[in-house]
Amino acid sequence: MIKKLKQHQDDFDLLISKVSSLKELKQLRSEFLGKKGCVSLMLNEMRSLPDDQKPQAGKHINEFKQSVATLIQEKTQVFEKAFDQTSVNSEEFDTTLPGRRNSSGSIHPVTQIMDEIISIFFSLGFKVEEGPEIESDFYNFEALNIPKDHPARDMQDTFYIGNDVLRTHTSPVQIHVMENQKPPLRIIAPGKVFRCDSDVSHTPMFHQIEGLMVDENLSFGDLKGVMNIFLHEIFGQQTKTRFRPSFFPFTCPSAEVDIECVMCSGKGCQVCSKTGWLEILGCGMVDPAVFKSVNYDSERWLGFAFGLGIERIAMLKYRINDIRLFFENDLRFLKQF
Ligand code: PHE
């Protein structure tokens, strides 16, 4: 047994001195220390030795096993170090190359404007409400005093889903809120709206922000004040505004609000169709018929409402001439914001 061990020791010494790669080292390890390696075999053979020889033989085999393991370990480290060095030296690994940067995302311009508008109204005491994008005829039209033969109800303008519609404006949120909350209230409702329309200034989906304030003793003057504060915050304190009489079935009196053209400062250009003014939003005093549909006492409560298109504001603020750019997801466009 001792003789055999001596022979294995000599074999190992010879083999390890010739090893030239990590692969060969692995091979050597399995030959000597593996499950079927010579150390395992000798430990098996040892069992058949007479009992008084076993401890001695066991001691020698274990010493051999230990020294083989240590030598293989040392040699492995030598090879690994050399390997690292060669891959640095051979130009596989150019340490002078600049690192690859992770490209970082940015907030979509529509979301940026939306957040800005929300924070302006937040500071005026308005809180955010949301409503569903699929509405029944009642919420999108009926409760808002929009008559059955109104052109907005036309198939050409509205997307129908069976008896329901994709909301054509955020005004139905007014109804949901008033059904569930008692006055006084001050809310804004940002969200997606849908109309069957598509060209440089219209997309089938776009975003609006609705506003509604209900209180005692509200006047058109309050509406005008709030609209002016908002427009001055968004477009700058110098911005001139004007209120033009208009019509919406759910407000009376109604107005459209213009700002002086941001492109030509009122001189008249292509963007403002030579008028010097840009239409920005629709608003008015809540029509008593709307209060009736939500069981508010129109003798006691007064309200004003307004609605504006977010893309339109973003286009004027950032001077973007095609609304479709917002939804094409072209990084060259989005990266500029
Ligand atoms: N809902 C109207 C639209 O989409 C805007 C509006 C809202 C007008 C509230 C008056 C009051 O055109």
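Below, all heavy atoms of this structure are taken into account, side chains as well, without hydrogens, waters or symmetry copies. This one's a predicted model, so the numbers in the text were calculated from it and none came from an experiment. Counting starts at 1 for both ligands and their atoms, following the listed order.
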Next item on the list: Could I get the full list of salt bridge (charged side-chain N to carboxylate O under 4.0 Å, His left out) partners for R300, not counting sequence neighbours?
Entry: E216
Next item on the list: Report the relative orientation of the aromatic rings in F250 and H169; use parallel for angles under 30°, tilted for 30 to 60°, perpendicular for over 60°.
Entry: perpendicular
Considering only N or O atoms, set out every pair between ligand 1 and the protein closer than 3.5 Å, with distances to one decimal place.
residue  : atom  : partner : partner atom : Å
ligand 1 : 1 (N) : H169    : ND1          : 3.0
ligand 1 : 1 (N) : S171    : OG           : 2.9
ligand 1 : 4 (O) : R195    : NH2          : 2.9
ligand 1 : 4 (O) : Q208    : NE2          : 3.0

Next item on the list: Establish, yes or no, whether a centroid distance under 6.0 Å links the rings of F230 and F126.
Entry: no
Next item on the list: Measure from NZ or CZ of K224 to the centre of the six-membered ring of F243, then state whether that distance is under 6.0 Å and the direction lies within 45° of the axis.
Entry: yes
Notebook entry, point to check: What pairs with M42 under side chain to side chain contact (heavy atoms under 4.5 Å, CB included), at least two apart in sequence or on another chain?
Noted result: M1, L5, H8, I61, F64
Item checked: K317: side chain to side chain contact (heavy atoms under 4.5 Å, CB included) partners, not counting sequence neighbours -> I113, E116, I234, F235
